[in-house]
Amino acid sequence: MLFDSHCHLNDPILYPEIDRVIEDAKKTGVKRFLVIGYDYESSKLAIEISEKYEECYAAIGVHPTEIDKVSEEQYQELLSLARHPKVKAIGEIGLDYHWVKDPLQREKQKEWFIKQILDANKLGLPISIHNRDSNEDCLKILKEHKPTSGGVMHCYSGSVEMLNDIFSCNLMIALGGPVTFTNAKTPKEVAEEVPLDKLIIETDCPYLTPHPHRGEKNEPKYLCLVLEEIARLKDMSKKHLEDVLYKNTCHLFNIDE
Ligand code: NI
């Protein structure tokens with residue numbers, strides 16, 4: 001059984017076909033899905049999806065590139081929805097210095113990141129972190145404001161060397177499509193080195209489609225390709241790895257196996 005720990009079934013590219021997308025994923029062994037919000041509407045839709053589909057859970061939060069699109073009133077409304085029984089995380093939240101170069105806007109991203117970590121702590125929920133080209137500030141914030149209910153560095157793209165800092169912040173890492181890319185040196189090293197109890201997997205669909213489907217839209221049905229590549233790199237049976245990752249994901253998000 002597989003658990004897609006970060007997917008955007010609420011994305012306009014996938015949502016119109018959601019029944020077919022979920023059915024195709026189930027045929028490849030994906031049993032559960034954490035649908036991740038990134039702004040007000042997508043977070044509300046994630047909850048709606050989790051209500052309609054038993055196998056889906058929701059994460060709600062404001063992505064660093066979307067902070068200007070969410071009012072304080074809307075954010076408060078999201079927080080009031082965070083006690084919904086199928087909301088299992090706050091996310092995705094974090095920093096994105098790849099798309100945002102303006103120093104003032106980066107400061108605003110930091111404020112939103114900290115605010116959402118503290119609210120997740122109050123709610124007793126883990127966090128799903130987006131971190132792009134912002135390792136230093138991201139780790140600094142996480143060290144100063146530890147996520148007390150844990151969390152995950154989604155689609156981890158950092159080095160092996162950075163792993164211990166991340167684990168010391170009460171976090172796990174998630175690997176996705178990039179670990180399958182033929183030219184992906186660092187994610188493959190990370191997959192080899194990461195301790196099994198600190199790892200989960202994801203698709204981040206519709207983005208980051210695994211090899212050999214790069215260029216197509218991504219779907220949870222391709223999660224098995226991520227599993228296969230990590231099993232190969234760790235020289236481990238797929239079945240064993242699959243069982244461990246499934247348990248890890250349920251444990252992190254407080255979901256009964
Ligand atoms: Ni995402």
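Heavy-atom basis, side chains included; hydrogens, waters and symmetry copies ignored. Just so you know, ligand 1 is whichever comes first in the structure, and atom 1 is the first atom listed for that ligand.
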For residues Ile127 and Ala120, report the shortest heavy-atom separation together with the two atoms involved.
CG2-CB, 3.4 Å

Using a cut-off of strictly less than 2.8 Å, determine whether Cys155 has an N/O/S atom near the Ni ion (ligand 1).
no

What is the name of the N/O/S atom in Glu92 that sits closest to the Ni ion (ligand 1)?
OE2

Give me the ring orientation class for Trp112 and Tyr75: parallel if the planes are under 30° apart, tilted from 30 to 60°, perpendicular past 60°.
perpendicular

Parallel, tilted or perpendicular: which one describes the rings of Phe3 and Phe253, with boundaries at 30° and 60°?
tilted

Return the minimal non-hydrogen interatomic distance between Met172 and Ile166, and the atom names on each side.
O-CG2, 4.2 Å

Among the N, O or S atoms of Asp204, the one nearest the Ni ion (ligand 1):
OD1

So which N/O/S atom does His8 have closest to the Ni ion (ligand 1)?
NE2

